[in-house]
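What follows is a short report on a single structure.
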Protein chains: 2
Amino acid sequence: MADVSKARLRLWLRLLKAQRRIEGELREKLRAEYSSTLPRFDVLAALDRNRDGLRMSELSGDLKVSNGNVTGIVERLVEDGLVTRTPVAQDRRAMKVQLTAEGISYFATLAEAHEAWVSELLQSFDAEGAEQLSDTLDQLNISLESHND
Amino acid sequence: MADVSKARLRLWLRLLKAQRRIEGELREKLRAEYSSTLPRFDVLAALDRNRDGLRMSELSGDLKVSNGNVTGIVERLVEDGLVTRTPVAQDRRAMKVQLTAEGISYFATLAEAHEAWVSELLQSFDAEGAEQLSDTLDQLNISLESHND
DNA sequence: TCGATATATTTTAAGCTTGAAATAAATATG
DNA sequence: CATATTTATTTCAAGCTTAAAATATATCGA
C-alpha cells in the first residue's frame, strides 16, 4: 500500500489513542465525582443548547447516535428528574424532551467541571496551539462531512 | 473560565467529532462488508502484532480496555475459529491467546481493507500533512501519558 | 509451612450502542 | 376517501464496556 496511506493510518491511530485516553479520563471523573456518564452528559449538553426542548429524533440527530439509543438514556434522566418528556400537541407521534430547572442547574455544575478537566488534560496546548490544532481538525471535519457515503 | 480553557474545550470537541465520524464509518464498513466489529478488529490486530500470543491481561493492557471486556470478545473469536486460548503451563491462572492460521489470513484481509478505508477518509491530508498532524498528536499522547492521575 | 497478600482471569450487574423490526400516526396519491 | 408511503418513536437482540465481586492460583514473609 502507498506510503501516504501508511501515514494516514498512523495519523488515525494517534488520533484514536488521544481520544480514548481523554474520553476515558472524563468518563472516570464523571463516574467518580458525579455518578454520571458521558452519554448522559452529552444529552444534557444538547438540551442545554436547546432550552426550548428537542424531539427525540432531533436529539439523536444532534448527537449522531441511533434513535433507539436515546430512548433509554432519556428514560433514566426522566427518572432522575433532570428532563421531562412531553407529548407534542400537533403531532401525536412525537415527544419533546426538555431540561427541568433541576436539570439546568445540575448541568451547569457538570459543564464547569468538564471544562476544567478538559483544560487540564490539554494543558500542553496554549491558546494559540489549541486554536491551531482546532483549525486543522475543523478542516478535517469539513472534509469528512462532504465525504457522505 | 479562562479563554485558553475555552480554546482547549473547542479543540476537544472537534477531535471528538472527527474521531466519532471516522470510527462510525469504519464500524459500518466492518459490519456491512465483513460482518465484524471494531473491538474484534482491535483484538485481532493486537494478536497479529504479537504472533507468539498474549495473555488475557497483556491483551487488555495493550488495548487499554478492562479485563473482563476482553473475555467476551475472545470467546466469540474462539467460536469463530480465529484465535485459540490455551492454558499456560507455568501458571495455571493464566491463558495464552493466539491467532490461528485462519485468523492470520483473515486479519490480513481485514487490515488491508481497513487501511484503504482510513486512507480514503483522510484523503484531505497528503503525506506531509498527515505526518505533521501525526506529530502534533504524538506530542499530545506523550503529554497525556505523563499526566497519570 | 502457614497465612497474608498479590496476580490472572471470569462473572456479574448496569448501562451504552447499533441495526432492524414493530407501532403508531401523519401525509401523499390515486 | 382509501390506501400507500413516510415519519417519529420504541422495542428487541446482540454485542460492547465498565467497575466490582468472585475464583483460583501464586508468591512472599514470618
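Quick note on labels: first sequence line is chain A, next is B, and so on, each numbered from 1. All figures in this text were calculated on a predicted structure; none of them were measured in a lab.
Counting non-hydrogen atoms of other residues, nucleotides and ligands closer than 6.0 Å to CD of B/Gln123 gives a total above 12.
The phosphate of C/dT9 (OP1 or OP2) has no side-chain N or O of B/Asn67 nearer than 4.0 angstrom. Residue B/Thr71 places no side-chain N or O under 4.0 Å from the OP1 or OP2 atom of C/dT9.
The backbone N or O of A/Leu144 sits less than 3.5 Å from a side-chain atom of B/Arg21, completing a donor-acceptor pair. The backbone N or O of A/Gly129 sits less than 3.5 Å from a side-chain atom of A/Asp126, completing a donor-acceptor pair.
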Chi angles and distances behind the side-chain contact (heavy atoms from CB on, under 4.5 Å) call for B/Asp62, B/Asn50: CA-CA 11 Å; B/Asp62 184 301; B/Asn50 296 277; 4.1 Å; yes
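Evaluation of atom-type donor-acceptor distances gives no pair under 3.5 Å for the side chain of A/Arg93 against the base of D/dT9.
Nearest-nucleotide positions on DNA chain D place A/Glu58 closer to the 5' end than the other of A/Arg27 and A/Glu58. Nearest-nucleotide mapping onto DNA chain D: of A/Met56 and A/Arg20, the residue sitting toward the 5' end is A/Met56. Residues A/Ala89 and A/Ser66 each lie close to DNA chain C; by heavy-atom proximity, the contact nearer the 5' end of the strand is made by A/Ser66. Positionally, the nearest nucleotide of DNA chain C for B/Asp91 lies more toward the 5' end than for the other of A/Pro39 and B/Asp91.
There is a side-chain donor-acceptor pair under 3.5 Å between A/Ser119 and B/Arg8.
Aromatic ring centroids of A/Tyr34 and A/Phe41 lie 6.0 Å or more apart.
Remark: P of C/dT17 and CD of B/Glu23 are 11 Å apart, rounded to the nearest angstrom. Straight-line distance from the CZ atom of A/Arg85 to the P atom of D/dA8: 17 Å, rounded to whole Å. Between the CG atom of B/Asn69 and the C1' atom of C/dA14 there is a distance of 15 Å, rounded to whole Å. Atom CD in B/Glu75 sits roughly 12 Å away from atom C1' in C/dT9 (whole-Å rounding).
Between A/Arg55 and A/Glu58 there is no salt bridge, since no side-chain N of the basic residue sits under 4.0 Å from a carboxylate O of the acidic one.
Closest approach to the A/Ser57 side chain among D/dA8, C/dT17, D/dT18 is made by D/dA8 (side chain taken as heavy atoms from C-beta onward). Checked against C/dT17, C/dA26, D/dA19, the side chain of A/Arg92 finds its nearest nucleotide in C/dA26. Proximity note for A/Met95 (side chain, C-beta onward) versus C/dA8, D/dT9, C/dT11: the nearest is D/dT9.
No engagement by B/Leu38 is indicated, since no non-hydrogen atom pair under 4.0 Å with the nucleic acid exists. Nucleic acid contact for A/Val65: sugar-phosphate only, since backbone atoms but no base atoms lie under 4.0 Å from a heavy atom of the residue.
Within residues 40-48 of chain A, no residue has any heavy atom closer than 4.0 Å to DNA chain D.
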